[in-house]
Amino acid sequence: MTGEASAAFDPFRPPMVGAETWQSAMVAAGWRCECTGQCGKGHVKTAGRCGTNHGSAHPLAVDAADPTASLHAAVTGAELVALCAGCQAGAKRAATKAAEQDAADHTDQLDLFDLTGGDAA
Ligand SMILES: [Zn+2]
Ligand SMILES: [Zn+2]
């Protein structure tokens, strides 16, 4: 429990998850980006999965598998994935876009319900 001494800022490890969580997620990922297209790229050259390995040139980040999950969810046992910076940014962007699209769809639906529900009420 005295890992404080080694808890200095590490550019390889974003502060969003603890060192142990980060390490176990990385080991599970095989120290390789786990993106299988959620960033929007097909990664066809690397059999559908991003081929970026963890390293000084491409430090991987550990993030919630669901890019829309809250930070709290991400650090409290949600599914975690190792992602390279490019895929992490891409996945976030895609998720944000999807959420916006979702909200837009939902608004349309509400309008629709409003119109059709008017008669019933
Ligand atoms: Zn990647
Ligand atoms: Zn990717």
Side-chain angles (χ1 to χ4, degrees):
M1 300 298 130
T2 49
E4 295 303 317
S6 59
F9 176 69
D10 177 353
F12 285 67
R13 176 168 61 78
M16 59 175 63
V17 295
E20 270 177 47
T21 310
W22 183 87
Q23 172 121 358
S24 57
M26 280 307 218
V27 169
W31 300 89
R32 187 177 158 197
C33 179
E34 286 190 290
C35 177
T36 49
Q38 51 267 58
C39 69
K41 291 178 210 147
H43 296 305
V44 282
K45 277 188 216 157
T46 44
R49 179 179 158 177
C50 180
T52 303
N53 289 301
H54 181 65
S56 53
H58 300 284
L60 301 187
V62 170
D63 206 348
D66 177 358
T68 59
S70 68
L71 194 60
H72 184 253
V75 296
T76 50
E79 207 185 330
L80 295 169
V81 288
L83 293 175
C84 70
C87 290
Q88 193 185 28
K92 281 243 154 64
R93 215 177 307 132
T96 308
K97 229 175 165 179
E100 276 169 10
Q101 189 57 50
D102 230 43
D105 286 353
H106 199 56
T107 309
D108 282 352
Q109 268 175 20
L110 282 181
D111 283 349
L112 205 69
F113 277 128
D114 229 33
L115 284 174
T116 53
D119 285 9

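Please read these numbers as outputs of a predicted model, since none were measured by experiment. Every number for a ligand or one of its atoms is a count from 1 in the order of the listing.
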Original post:
Would H58 count as a contact for the Zn ion (ligand 1), in the sense that one of its N, O or S atoms lies under 2.8 Å from it?
Top reply: no

Subject >> Any N, O or S atom of C50 closer than 2.8 Å to the Zn ion (ligand 2) >> reply: no

**OP:** Please state whether the rings of H54 and W31 are parallel, tilted or perpendicular, taking 30° and 60° as the class boundaries.
**Re:** tilted

Subject >> Contact check: C39 to the Zn ion (ligand 2), N/O/S below 2.8 Å >> reply: yes

**OP:** Check whether more than 12 heavy atoms from other residues, nucleotides or ligands sit under 6.0 Å from atom NE2 of H43, and answer yes or no.
**Re:** yes

Subject >> Derivation and outcome, side chain to side chain donor-acceptor pair (under 3.5 Å), residues E34 and T36 >> reply: CA-CA 6 Å; E34 286 190 290; T36 49; over 6 Å; no

Original post:
Quick one: does D63's side chain get under 4.5 Å of K92's, heavy atoms only?
Top reply: yes

Original post:
N/O/S atom of H43 under 2.8 Å from the Zn ion (ligand 2), yes or no?
Top reply: yes

